[in-house]
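Encoded as C-alpha cells, the structure appears first; notes follow it.
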Amino acid sequence: MKRIKKEESGNHIRMDRCQTEKKSRVQRRRRGRGIYALLKKDCRMMLDGKFFFIALGSLVLYTLFIRFGYLKFMNMEIYNIYLYDPAGTQTAVSSAVHPVSSREDMDGLLAKDANGVGICVDDGVPHIVLYAGSEKIDRHRADYALSLLHSGGALRETMPETVGEDSPEMKKRREITCELLFVEIIAVGFLGIASVLFKEKQMGVIRVHAIMPFWKSLFVLSKVFLFLVADLLFALLLVILNIGFAEAGRIMPAVSVYTAILSVIMALSGFYCAMLLKDFKQFSLAYLVIALFAATPVFLSANTSVKMAWIGFHPFYPVYMGLKNAFFAMPAGGSAYYICAACAVALLFIIALAAFRREMGREG
C-alpha cells in the first residue's frame with residue numbers, strides 16, 4: 001500500500017511538472033505572438049501616419065540641399081590680396097597677389113571686394129588695409145596676406161602640414177551631414193512617436209493594452225525599437241548618398257552608436273511627453289522648447305565663436321560632439337560616457353513606463 005501511494009504521489013508530481021512546462025510553453029508562445037503583434041501594429045501605425053514617407057522626403061530634400069545648395073554656397077574663393085608698393089621694395093611676392101598702381105585703385109577694389117585684403121607699402125613697411133568683420137577672421141585674413149610677401153629675399157609661402165586626407169568639399173559634406181542627421185533625429189524621434197501615441201489614444205488602443213496578458217513594458221520597447229531601426233536606416237542612407245559608400249563602411253559603426261543613443265533618448269522623451277500632455281498642440285509647444293533650449297545652444301557652441309561655460313553639462317552636447325567626431329573618424333567618447341548614456345536611457349525608460357501605467361489607469 002505504501003509503495004502504491006508513493007507511486008501515485010510520484011505520478012502526481014510528474015503530471016504537475018508536465019502541466020507547468022506546458023503552461024510556460026504556452027505563455028512563451030503567447031508572449032512571442034504578442035511581441036510580433038505589437039511590432040506589426042506599430043509598423044502599421046507608422047505607415048498610416050506617413051512616417052516613412054516623411055523620412056524618405058527628408059532624405060531626398062537633405063541630399064539635394066547638400067549637393068546643389070550648401071556646397072555651392074560654401075564654395076567661397078580665397079581672399080584676394082592687393083598690393084600697393086610704389087617704391088618696389090617687395091621684390092618677390094606670390095602670384096596670388098594683385099599689384100595696383102595707386103592707393104585710390106586699391107581702395108576702389110576693396111570697396112567692391114569687401115573680403116579682400118590690401119597691403120600698403122608706401123613708407124617701406126607693409127600696412128594691412130581691410131574692411132573690419134569678426135576679430136578672429138580679420139586676424140586670419142591679415143596673416144594670410146602677410147604670408148604672401150617675401151622675407152629675407154625668399155617667399156614666406158611654406159607647405160602646410162597635411163591633417164587628414166579629406167578635401168575641403170568632403171569636410172563640408174561630413175559637417176553638414178552630421179548637423180542634418182542630428183536635427184532629423186531630434187525632430188523625428190520626438191514628434192514621430194508622439195503622433196503615433198496620440199492617434200492610439202483616440203482609437204482607445206491604450207485601454208485595450210491595459211487588459212492584454214503580456215508585459216506592459218513591451219508597449220514601450222516596441223515603439224522605441226521601430227524608431228531606432230528607422231533612424232539607423234536613415235543615417236546609413238544619408239551617409240552613403242552624401243559621403244560615399246566607401247567612407248560609410250569606415251565611419252558607420254561609430255556613427256551608428258551615437259545615432260542609436262540620440263534616437264532612444266528622443267523616442268523615450270517623446271513617449272513620456274505624449275503620455276503627460278493632453279493633445280498634440282501642447283506637445284508641439286514642448287517640442288519648440290526642446291528645439292530652442294536643447295539644440296540651439298549646442299549648435300552655437302560647436303559651430304560658432306559663441307562659447308558657453310556651462311555647455312559641457314548640456315545633455316545633448318556630448319552626443320553631438322561624439323557624432324561629429326565619428327563623422328570625421330576621430331576617437332569619440334569613452335567607457336565612462338557610454339555607462340552614463342546607458343544609465344540615462346534606463347532612467348528614461350523607467351519614467352516612460354511609469355507614465356504609460358498612469359495613462360492606462362486613467363483610460364481604465
Side-chain angles (χ1 to χ4, degrees), residues 46 49-71 73-74 171-196 224 226-243 248 251-252 254-271 273-274 280 283-304 306 308 311 314-328 332-333 341 344 348:
M46 293 171 70
K50 304 297 188 296
F51 173 82
F52 297 110
F53 177 77
I54 294 173
L56 180 61
S58 298
L59 180 66
V60 174
L61 182 63
Y62 291 157
T63 303
L64 293 175
F65 169 72
I66 292 173
R67 291 179 178 272
F68 302 106
Y70 181 80
L71 292 178
F73 176 75
M74 294 299 293
K171 291 179 180 178
K172 295 172 187 175
R173 285 178 178 272
R174 291 178 187 270
E175 185 171 356
I176 190 61
T177 304
C178 172
E179 294 176 3
L180 292 175
L181 178 61
F182 184 79
V183 171
E184 176 71 11
I185 294 176
I186 287 182
V188 172
F190 197 74
L191 294 174
I193 198 169
S195 62
V196 173
V224 173
L226 286 177
F227 276 90
L228 172 60
V229 172
D231 286 338
L232 290 175
L233 181 60
F234 181 89
L236 177 62
L237 294 175
L238 187 68
V239 171
I240 290 175
L241 290 174
N242 297 289
I243 297 180
I251 68 175
M252 271 311 296
V255 170
S256 298
V257 171
Y258 286 92
T259 300
I261 293 173
L262 185 60
S263 173
V264 173
I265 289 176
M266 294 310 302
L268 290 173
S269 301
F271 191 101
C273 291
F280 199 78
F283 190 88
S284 300
L285 293 175
Y287 172 72
L288 290 176
V289 172
I290 287 183
L292 289 174
F293 296 100
T296 303
V298 171
F299 281 118
L300 288 176
S301 297
N303 301 317
T304 67
V306 178
M308 306 173 188
I311 196 64
H314 197 291
F316 289 97
Y317 185 74
V319 183
Y320 175 76
M321 293 307 299
L323 186 64
K324 191 169 186 178
N325 290 333
F327 265 92
F328 284 90
L348 283 173

To the nearest 0.5 Å, what is the distance between [atom1] on [X] and [atom2] on [Y]?
X: I185; Y: F227; atom1: CD1; atom2: CZ; answer: 12.5 Å
X: L236; Y: T259; atom1: CG; atom2: OG1; answer: 10.0 Å
X: I66; Y: T177; atom1: CD1; atom2: OG1; answer: 3.5 Å

With the side chain counted from C-beta on, respond yes when [X] and [Y] share a heavy-atom pair under 4.5 Å apart, and no when they do not.
X: N242; Y: L180; value: no
X: E175; Y: K324; value: yes
X: F271; Y: V224; value: no

Exercise. Quick check: does any side chain N or O of R173 sit under 3.5 Å from a backbone N or O of I243, one acting as donor and the other as acceptor?
Worked result: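 The answer is no, because no donor-acceptor pair under 3.5 Å joins these two groups.
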For this session: Please confirm whether the backbone N or O of F328 pairs with a side-chain atom of R174, one donor and one acceptor, at under 3.5 Å?
Result: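 Checked: no pair found.
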Report all side-chain donor-acceptor pairs from residues 58-65 shorter than 3.5 Å, counting only partners two or more places apart or in another chain.
unit_1	atom_1	unit_2	atom_2	d
S58	OG	I54	O	3.0
Y62	OH	E184	OE1	2.9
T63	OG1	L59	O	2.8

Please name the pair of heavy atoms, one in [X] and one in [Y], separated by the smallest distance, quoted to 0.1 Å.
X: L232; Y: S256; result: CD2-O, 3.6 Å
X: P297; Y: I311; result: O-CD1, 3.8 Å
X: I251; Y: A326; result: CB-O, 3.6 Å
X: V298; Y: Y317; result: CG2-N, 3.9 Å
X: P318; Y: P315; result: CD-O, 3.7 Å

Exercise answer: donor-acceptor pairs, residues 262-269 side-chain atoms, under 3.5 Å, sequence neighbours excluded:
unit_1	atom_1	unit_2	atom_2	d
S263	OG	D231	OD2	2.5
S269	OG	I265	O	2.7

